[in-house]
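Reading through the structure tokens given below for one structure.
Below, each value reflects all heavy atoms present in this structure, side chains not excepted, and no hydrogens, waters or symmetry copies. Bear in mind that the values here come from a model prediction, so they are computed numbers and not experimental data. When a ligand or atom number is given, it counts from 1 through the structure's own listing order.
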Amino acid sequence: MSNRSIGLTDELYRYLLANSLREHALLAELRKVTAQRPDARMQIAPEQGQFMQLLVQLTGARRCLEIGVYTGYSALAVALALPEDGHVLACDIDAETTAIARDYWRRAGVESRIELRLAPALETLDQLLASGGADSYDFVFIDADKENYSEYYDRSLALLRQGGLIAVDNVLWNGRVADPAVNDLDTRAIRAFNRKLHWDASVSTSLVPVGDGLALARKL
Ligand code: SAH
Ligand code: CA
């Protein structure tokens with residue numbers, strides 16, 4: 001027994017997957033295809049995708065926002081968990097990886113639920129705010145460039161309805177956030193974001209050690 005979050009050995013992680021993972025066949029295929037790429041570590045873990053599907057369903061989300069699409073795994077997981085009239089606005093700047101994403105969204109039959117905006121996400125978020133999008137989103141997943149995490153969070157909070165949920169990926173940053181010898185820009189940005197979220201009185205929060213660390217913030 002342990003009264004702290006358990007570390008996962010390879011063996012225990014395999015057990016967890018074998019005894020809990022429910023992965024759509026096209027999510028599994030996308031994970032295989034993406035694994036061939038040198039940057040495949042950017043993709044979320046499959047158990048994290050399943051956890052986010054549960055969060056989406058718990059919040060009754062219909063309007064979702066994703067910041068950082070890559071080859072489309074997280075957006076596909078979220079879209080598959082949405083009701084028929086659900087929608088994901090997906091932000092990225094990479095035409096090549098998002099072409100793979102689009103292919104899988106189409107094959108999974110959810111392409112009408114996902115709208116891709118190929119532009120720097122801050123621009124897209126500012127456009128949404130300028131066109132009356134405040135207080136209208138149910139669920140936001142932040143997983144793009146780490147230097148902008150705090151900016152993405154502020155704008156996402158404004159776009160979120162009361163009771164809506166923001167999930168922020170990579171907040172444990174493979175342990176580097178806790179290593180005083182590491183002080184690169186990305187690590188510092190994630191530390192700054194974690195500090196900011198810790199005592200943000202406008203949300204309730206939890207830092208869940210799933211995947212690379214997933215911070216949750218529910219707008220009060
Ligand atoms: N959520 C994805 C992984 C995202 S990886 C998954 O589950 O697979 C991070 C992504 O952020 C990359 O695709 C990168 O192109 C994108 N990105 C980086 N800077 C960005 C910016 N300024 N605006 C939007 N997207 C950005
Ligand atoms: Ca990530």
Would you give the length of the straight line joining atom OG of S156 to atom CD1 of I67, rounded to the nearest 0.5 angstrom?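 One finds 3.5 Å between OG of S156 and CD1 of I67.
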At the Ca ion (ligand 2), what angle lies between atom OD1 of N170 and atom OD2 of D143, rounded to 10 degrees?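 OD1 of N170, the Ca ion (ligand 2) and OD2 of D143 span an angle of about 130°.
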What are the polar N/O contacts of ligand 1 with the protein below 3.5 Å, with distances?
residue  : atom   : partner : partner atom : Å
ligand 1 : 1 (N)  : G68     : O            : 2.9
ligand 1 : 1 (N)  : S74     : OG           : 2.8
ligand 1 : 1 (N)  : D143    : OD2          : 2.9
ligand 1 : 7 (O)  : S74     : N            : 3.3
ligand 1 : 7 (O)  : S74     : OG           : 2.9
ligand 1 : 13 (O) : Y70     : N            : 3.2
ligand 1 : 13 (O) : D92     : OD1          : 3.4
ligand 1 : 13 (O) : D92     : OD2          : 2.7
ligand 1 : 15 (O) : D92     : OD1          : 2.6
ligand 1 : 19 (N) : D145    : OD1          : 3.2
ligand 1 : 22 (N) : D145    : OD1          : 3.4
ligand 1 : 22 (N) : Y152    : OH           : 3.4
ligand 1 : 23 (N) : A121    : N            : 2.9

Enumerate donor-acceptor pairs with a distance under 3.5 Å from any side-chain N or O in residues 207-220 to protein atoms, sequence neighbours excluded.
residue : atom : partner : partner atom : Å
D212    : OD1  : N174    : N            : 2.7
D212    : OD2  : N170    : ND2          : 2.7
K219    : NZ   : D135    : OD1          : 3.0
K219    : NZ   : L157    : O            : 2.8
K219    : NZ   : L160    : O            : 2.6

Is it possible for you to check whether R102 lies under 6.0 Å from the centre of the six-membered ring of W105, through NZ or CZ, and within 45° of that ring's axis?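 Here R102 fails the 6.0 Å and 45° test against W105.
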How close do L55 and F139 get, heavy atom to heavy atom, and via which atoms?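 Looking at all heavy atoms of both residues, the shortest contact is CB-CE1, 4.3 Å.
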Are M42 and R37 close enough that some pair of their side-chain heavy atoms sits under 4.5 Å apart?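 A side-chain contact under 4.5 Å is absent here.
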What is the name of the N/O/S atom of D169 that is nearest to the Ca ion (ligand 2)?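 Relative to the Ca ion (ligand 2), the closest nitrogen, oxygen or sulfur of D169 carries the name OD2.
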Exercise: do T97 and T71 side chains pair donor with acceptor under 3.5 Å: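 No - no donor-acceptor pair under 3.5 Å links their side chains.
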Have a look at F193 and tell me which of W173, Y152, Y153 forms a ring-ring contact (aromatic ring centres under 6.0 Å, His included) with it.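 It is Y153, the one option of W173, Y152, Y153 that forms the ring-ring contact (aromatic ring centres under 6.0 Å, His included) with F193.
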